[in-house]
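These notes concern the structure reproduced below.
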2 protein chains.
Amino acid sequence: MEPRLKVWIESDEGKILLSDYRVRLLEAVGATGSLAEAASEMGLSYRRAWGKLREIESNLGMKLVESVVGGAGGGSSRLTDEGERLVRQFQRFRRVLTDDAARAFAGSFGEE
Amino acid sequence: MEPRLKVWIESDEGKILLSDYRVRLLEAVGATGSLAEAASEMGLSYRRAWGKLREIESNLGMKLVESVVGGAGGGSSRLTDEGERLVRQFQRFRRVLTDDAARAFAGSFGEE
């Protein structure tokens, strides 16, 4: 038996700001340098990935991905500094909470 | 902003053994003393609640709810000792992890 969890961050109005899924999309943009490739990795259409990204940026009120025009490949995308920081923060949050879950599980189900 | 989480317990083979939803059903049986009322509280058909309960018991390999035959109301349901223990353990797990999430969130997003 093992504990599993899904975590997300909500605004005070109940809007989802960040989630495992949303951060996976940002990570994929950071790793591939391309929203099209990130979408493909996630099994999403480009249109849907683009819409999701705009939704995340709009909910958070910050720009997370920027276009890099030109270069050999004819342009690509990358995370902004704020985008990188948020991904890092969420990853840390998730990592800490996964460890916490193992401990809370052992503490709660190991007894009695 | 605040962290939200969904937690569940999986078997080594990836079967869901307990979850927020499943435990809510057990809690409702315990609170109402009736699977029919528990189903109604959860917005489930009796048939679906009954099936879900049997699935939980089968996955865990233990009896969690027992029928109490007779009495003024003509019979009711209640949690077995094992059922009560599991609900208590999951509630504790959830409570601890909710506190952990608040701490992990402050630690991860409060810095930098």
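Computed over heavy atoms, backbone and side chain alike; hydrogens, waters and symmetry mates excluded. Since this is a predicted model, take the numbers as computed values, not measurements. Letters A, B, ... are given to chains in the order of the sequence lines, protein chains preceding strands, and every chain is numbered from 1.
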Identify the heavy atoms of [X] and [Y] that sit nearest to each other, and give their distance.
X	Y	result
B:S108	A:Q89	O-CG, 3.3 Å
B:F109	A:F93	CE1-CB, 3.8 Å
B:A104	A:V96	CB-CG1, 3.6 Å

request  = Return the option, out of B:D12, B:L86, B:D100, with the maximum number of heavy-atom pairs under 4.5 Å with chain A.
outcome  =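 So the answer, after comparing B:D12, B:L86, B:D100, is B:D100.
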When the 4.5 angstrom heavy-atom criterion is applied to A:L97 and chain B, the contacting part is both
When the 4.5 angstrom heavy-atom criterion is applied to B:L18 and chain A, the contacting part is side chain
### Contacting region of B:L17 [heavy-atom separation from chain A under 4.5 Å]
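Side chain only.
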If you group Ile, Leu, Val, Met, Phe, Trp and Tyr by side-chain heavy-atom gaps below 4.5 Å, do B:I16 and B:L26 land in one group? no
Subject >> hydrophobic_cluster_shared for B:M62 and B:W8, side chain cutoff 4.5 Å >> reply: no
Exercise for the section: Identify the residue among B:E2, B:M1, B:R4 that makes a side-chain contact (heavy atoms from CB on, under 4.5 Å) with A:I9. Expected result: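 Considering B:E2, B:M1, B:R4, a side-chain contact (heavy atoms from CB on, under 4.5 Å) with A:I9 is found only for B:M1.
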Should we say atom [atom1] of [X] is surrounded by more than 12 heavy atoms from elsewhere, each under 6.0 Å from it?
X	atom1	value
B:K63	NZ	yes
B:W50	CH2	no
B:R54	CZ	yes

Point to revise | Members of residues 37-47 of chain B whose heavy atoms come closer than 4.5 Å to chain A | key: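 Hits under 4.5 Å: none found.
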